[in-house]
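All ligand and atom numbering here is 1-based and tracks the order in the structure.
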Amino acid sequence: MNGVLFRKLGFIGAGTIAEALITGLIRFAHVDPSSIVASDANRERLISVTSRLGVTAGAGNIDVARQADVLFLAVKPQVMPDVLSELRGAGKPGSITVTLAAGVELSYVEAMLGEDARVMRIMPNTPCSLGAGSIAFCLGKRLDVADVDWLLELFRKMAVVIEIDESLMNSVTALSGSGPGFVYTVIEALADGGVRIGFRKDQALALAAQTVLGAAKMVLETGEHPAKLRDMVTSPGGTTIAGLHAMEKGGVRGALIDAVVAAAERARSLGPTPAKKV
Ligand SMILES: NC(=O)c1ccc[n+]([C@@H]2O[C@H](COP(=O)([O-])OP(=O)(O)OC[C@H]3O[C@@H](n4cnc5c(N)ncnc54)[C@H](OP(=O)(O)O)[C@@H]3O)[C@@H](O)[C@H]2O)c1
């Protein structure tokens with residue numbers, strides 16, 4: 001697709017998730033970096049990110065909004081009211097606004113941007129930068145799937161893409177948005193276990209991370225229930241059941257469920273308007 005994208009992609013906010021999405025779009029959807037323009041309140045960070053990725057640093061939010069056919073709002077939920085007020089009426093005619101902010105509802109973004117705003121809400125995660133992301137989306141009242149089909153095609157090059165009801169957005173934020181953080185903790189803990197039984201930290205981390213990757217691929221590519229896959233590696237009186245017993249005693253399952261529920265509750269509390277209950 002290099003050079004084939006005739007639309008300009010703009011990013012307001014060039015932080016963690018913007019960098020992950022831009023990286024994924026360039027590496028996996030083959031979007032030409034010259035099609036991407038970004039702005040950020042932190043000029044130093046903007047220059048660092050844009051020069052690293054080879055994309056254009058805009059003069060400011062309004063400058064980016066004027067150029068972008070698709071405008072990603074990748075700023076923290078707390079600053080969305082200010083950013084939306086600034087952008088009202090500034091977008092390119094016919095453009096699509098994609099909001100990423102956790103807990104900020106489509107109806108709020110539409111009301112803030114004005115009558116004509118065509119808005120989509122997405123919840124991506126950082127593995128998009130490696131072509132292994134998840135992106136959940138829902139559409140505002142002035143968009144349908146046909147309008148964004150080409151954009152979804154780009155997303156699919158770097159992520160599993162699912163359309164969901166907006167009432168589930170905070171749940172996605174909690175599961176796949178915050179999920180990488182939970183899994184890093186699991187990987188680190190597995191690696192610590194490896195160190196405890198004699199591996200060097202680097203060896204233990206490599207084995208732990210690859211094990212999580214392999215297990216995830218088994219779930220996704222075989223389509224089997226994880227419990228069935230687990231049974232297949234759990235022999236009577238063997239090593240795996242000994243470890244599983246220890247995990248059950250430690251409450252790992254309950255802790256992970258609690259983590260997802262706590263993250264969803266936090267996501268609900270972040271937006272400027274109260275989101276629907278999970
Ligand atoms: N990180 C994730 O994995 C993830 C996943 C899914 C969704 N999201 C959502 O994506 C949004 C961004 O998250 P993030 O983690 O990328 O945050 P981040 O790393 O803090 O990036 C946001 C950037 O926006 C800048 N900014 C602040 N006010 C601005 C303004 N008025 N105009 C332009 N730029 C401004 C910030 O600068 P300062 O630092 O100077 O304030 C910062 O560089 C959040 O709403 C979050 O809910 C994040």
Greater than 12 external heavy atoms within 6.0 Å of Lys201's NZ: yes

Selection residues 47-56 - residue pairs positive for side-chain hydrogen bond (donor to acceptor under 3.5 Å, both in side chains), sequence neighbours left out: Glu19-Arg52, Ser48-Arg52

Ser95: side-chain contact (heavy atoms from CB on, under 4.5 Å) partners, not counting sequence neighbours: Lys92

Asp63: partners by side-chain contact (heavy atoms from CB on, under 4.5 Å), with sequence neighbours left out: Ala59, Gln67

Stepwise side chain to side chain contact (heavy atoms under 4.5 Å, CB included) test for Arg118 and Asp147: CA-CA 10 Å; Arg118 303 201 304 156; Asp147 298 318; 3.9 Å; yes

Tabulated below should be the N or O atoms of ligand 1 paired with protein N or O atoms at under 3.5 Å; can you produce that?
unit_1	atom_1	unit_2	atom_2	d
ligand 1	15 (O)	Lys76	NZ	3.4
ligand 1	16 (O)	Thr16	N	3.1
ligand 1	16 (O)	Ile17	N	2.9
ligand 1	17 (O)	Lys76	NZ	3.3
ligand 1	19 (O)	Thr16	N	3.0
ligand 1	19 (O)	Thr16	OG1	3.2
ligand 1	32 (N)	Asn61	ND2	3.0
ligand 1	34 (N)	Ala41	N	3.1
ligand 1	37 (O)	Asp40	OD1	3.3
ligand 1	43 (O)	Asp40	OD1	3.0
ligand 1	43 (O)	Asp40	OD2	2.7
ligand 1	45 (O)	Val75	O	2.6
ligand 1	47 (O)	Ala102	N	3.0

Qualifying residue, where the test is side-chain contact (heavy atoms from CB on, under 4.5 Å) with Leu87 and the options are Leu73, Val109, Val64, Thr97: Leu73

